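Residue numbering restarts at 1 for every chain, and letters A, B, ... go by the order of the sequence lines. Excluded from the calculations below are hydrogen atoms, water molecules and symmetry mates; all remaining heavy atoms, backbone and side chain alike, are included. Worth saying up front: this structure is predicted, and the values here are computed from it rather than measured.
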Amino acid sequence: MATSTTDTQDMAPGSVHGKPYAVATTFDTSHELLSAIRGIRKKGYRKLDAYTPFPIHGIDEALGERRSKLGFVIGGGALAGILTALGLQWWTAAVDYPIIIGGKPFFAIEYAVPITFELMVLFASFAAVFGMLAFNGLPRFNHPIFNYENYARVTDDGFVLVVERDGNHFEPVAIVELLNELGGKNTEVVHEDA
Amino acid sequence: MADLAIKPNTQLDLLNTTIDQPLITGEPTYHSITESVSRVVENPPSKFWFGLIAVTASLLLMLQVMLGYLVATGIGVWGNNIPIGWAWDITNFVWWIGIGHAGTLISAILFLLRQRWRTGINRAAEAMTLFAVACAGIYPLFHTGRPWRAIYWLLPYPNTMQIWPNFRSPLEWDVFAVSTYFTVSVLFWFVGLLPDLATIRDRATGWRRKIYGFFSLGWRGSARHWKHYELAYLVLAGLSTPLVLSVHSIVSFDFAVSILPGWHTTIFPPYFVAGAVFSGFGMVLTLLIITRKALGIEHLITLKHIDYMCKVMLAMSMVVGYSYASEYFIAWFSVVDGERFAFYNRITGPYAWAAWTMITCNVIAPIPLWWQAVRKNITAVFIITIFVNIGMWYERFVIIVISLHRDFLPSSWDYFHPTYVDICTFIGTMGLFLTLYLLFIKYVPMIAIAEVKHAVSHDIEKGAHH
């Protein structure tokens, strides 16, 4: 998802590193990361991402990210669960093979409630988990950010800010300088192939 | 467990969530949290660990032998016989599934209530949920005697007999409730694990890196990941909360929807849920008291965690005690002979010893928890949790066996005797549970690393700024 640039113009043939993907830098705290994001957005950079050990409050607003649309997927899952459960219980008991049990009606909403609830939860949970993975493009075992020398700190104690290449407009040297000014450490150009 | 032990290099106190008390005493950093938890996974297993798992795996083997014997011979190898058609099998089923409830309660309900102290214990409690439900699932499956046939008795799929399960039966609701509960618990647990598996991946080399990398699904910790992740986690918590309440309610319907005195009561759903939470916290405390000591993570699972869990347990003990009293009152108040007899027989009949064991363990034993000194005394808490574990097993035994053993026809009254297969199967499921738990604490980060960092980030960064 992050490497959505489509141009292959500047792919240097025979280059050791492949084309540059982004400039990455590391901060020690989430506050520093947040103020750096605000700082670099003021300079007009929009294709940003941040890599953090835990979710940071307010980072979506700082990055200009919109709210997750996962809720619609989950709602669809819940609805599918309800319809499946009601359909299954009604069709098997009242249409396909009606059996009189204790003189009770073939189908009644009351007895259908527990299974309808359970399947709603089940389908909604599947929608939440697999929807989350799909929106995040996971599983994906290879990604240019893993080429960042300092990446291992992301899942430990590092707050990494990434300015991604935006089409052909990419001036790594200027971005490195800017990120260093903003207090970033271990700033480097990350390439698509290590 | 010398080589499993970690130096308590941080003094985390996740429980002080009030403003006047800091979340952390001492000088922990994000990195020290990573270290504390990861080292348990990274150090090679100790001889003590191997010794323990040798014992539990032997018990697991015994379970397999017993189940194999049951399948080859028939359910006559168990002691149940008419009128006691359900005995240890369903007692153990309800006991295990009840134990599972604490995990979901801690991970989902306390998450929604924003109880930050849960982050120290939720991972282990969720794992216990999975393992307990796995143990529980064995009983309904094998009490059919022919588990492979249970597939078409229980699951609605088009089979050659062209007949469908009876959806009007609470036993069928139970199939859906338990399998949904297990599946959703696995999903919830796994989603919570993703960032922590990535942490282990990034610290590992060689084949370990590949394995943890595979299971972390390539998690990168991107802000876009977290955005969807947080919503998914919140919704899973929101879905699990009513789910956990529904599961034991539906388990109670197995009894309450029947017309047997002792089973046919409307108090069962809330009473069963409270009992489940009670026994679940009992088991979580039993295991965590041992685990924190054995792994040297007393600074991550603190006395305050234990104190809070004791309070939940005490509250549930009172709900359970109230439910017992209410059952007797309603039986008397109903002026129905069958009802009155069932409850009179419960405390004075041949099984009076079981009923009084239940009341002693569940209502009287937890009373000392009213005193803080007792809640701070690990040994005392441990002993009380053992009482609770035993008492809650007896509660299910009392409800199931005592209600059945003197049925409507006095000539068929009987007394249940467990066979060695009953006993060995039950001990065997403990082997399964403990084997899975031992594998879990050794190969999976047993404390939610990312969540702990999140919970204490404010305090850590405040320190980093001066």
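Interface residue Ile250(B): only side-chain heavy atoms are found under 4.5 Å from chain A. Neither the backbone nor the side chain of Pro170(B) comes within less than 4.5 Å of any heavy atom of chain A. Both the backbone and the side chain of Leu122(A) come within contact range of chain B, with heavy atoms under 4.5 Å apart. Contacts of Leu70(A) with chain B are made by both backbone and side-chain atoms, with heavy-atom separations under 4.5 Å. Proximity to chain A is limited to the side chain of Leu194(B), based on heavy atoms less than 4.5 angstrom apart. In this structure, chain B has a heavy atom under 4.5 Å from the side chain of Phe159(A), while its backbone stays farther away. Only the side chain of Trp91(A) comes within less than 4.5 Å of a heavy atom of chain B; its backbone N, CA, C and O stay farther away. Contact annotation for Asn142(A): neither backbone nor side-chain heavy atoms come within less than 4.5 Å of a heavy atom of chain B. Both the backbone and the side chain of Leu239(B) come within less than 4.5 Å of a heavy atom in chain A. Within the 4.5 angstrom heavy-atom criterion, only side-chain atoms of Asp60(A), from C-beta onward, approach chain B. At a 4.5 Å heavy-atom cutoff, the contact between Phe214(B) and chain A is made by backbone and side-chain atoms alike. Neither the backbone nor the side chain of Pro98(A) comes within contact range of chain B; no heavy atom of the residue lies under 4.5 Å from a heavy atom of that chain. Only the side chain of Asn166(B) comes within contact range of chain A, with at least one heavy atom under 4.5 Å from a heavy atom of that chain. Heavy atoms closer than 4.5 Å to chain B are found in the backbone of Leu48(A), but not in its side chain.
Using modelled atom types, one finds no donor on one side chain facing an acceptor on the other under 3.5 Å when comparing Ser169(B) with Glu172(B). Side chains of Asn136(A) and His225(B): no donor on one and acceptor on the other come within 3.5 Å.
Among Gly102(A), Ala128(A), Ala50(A), the residue with the largest count of heavy-atom pairs under 4.5 Å with chain B is Ala50(A). Options Ala232(B), Ser246(B), Ser216(B), Ser222(B) differ in how many heavy-atom pairs under 4.5 Å they form with chain A, and the most are formed by Ser222(B). The greatest number of non-hydrogen atom pairs below 4.5 Å with chain B, out of Ile115(A), Leu138(A), Asp156(A), is found for Asp156(A). With respect to chain A, the highest number of heavy-atom pairs below 4.5 Å among Trp226(B), Tyr181(B), Phe253(B), Tyr30(B) belongs to Trp226(B). The candidate with the highest count of non-hydrogen atom pairs below 4.5 Å against chain B, out of Leu88(A), Ile145(A), Val154(A), is Leu88(A).
A salt bridge is absent between Lys453(B) and Asp196(B); no separation between the charged side-chain nitrogens and carboxylate oxygens falls under 4.0 Å. One finds a salt bridge joining Glu451(B) and Arg118(B) here, because a Lys/Arg side-chain nitrogen approaches an Asp/Glu carboxylate oxygen to under 4.0 Å. Comment: Glu61(A) does not engage Arg38(A) in a salt bridge, judged by the lack of any side-chain N to carboxylate O separation of less than 4.0 angstrom.
Aromatic ring orientation, Phe255(B) versus Phe272(B): tilted (interplanar angle from 30° to 60°). The aromatic rings of Tyr233(B) and Phe111(B) lie perpendicular to each other, with more than 60° between the two planes, well past the 30° mark. Ring geometry for Phe126(A) against Phe130(A) counts as parallel: the plane angle stays under 30°, on a 0 to 90° scale with 60° as the upper cut.
Within the 4.5 Å cutoff, the side chain of Ile37(A) has heavy atoms near those of the Ile59(A) side chain.
Counting heavy-atom neighbours within 6.0 Å of Trp263(B) CH2, excluding the residue itself, gives a total above 12. Other residues, nucleotides and ligands contribute only 12 or fewer heavy atoms inside 6.0 Å of the CD1 atom of Ile259(B).
Taking every heavy atom of both residues into account, Tyr148(A) and Asn186(A) meet most closely at OH-O, 2.8 Å.
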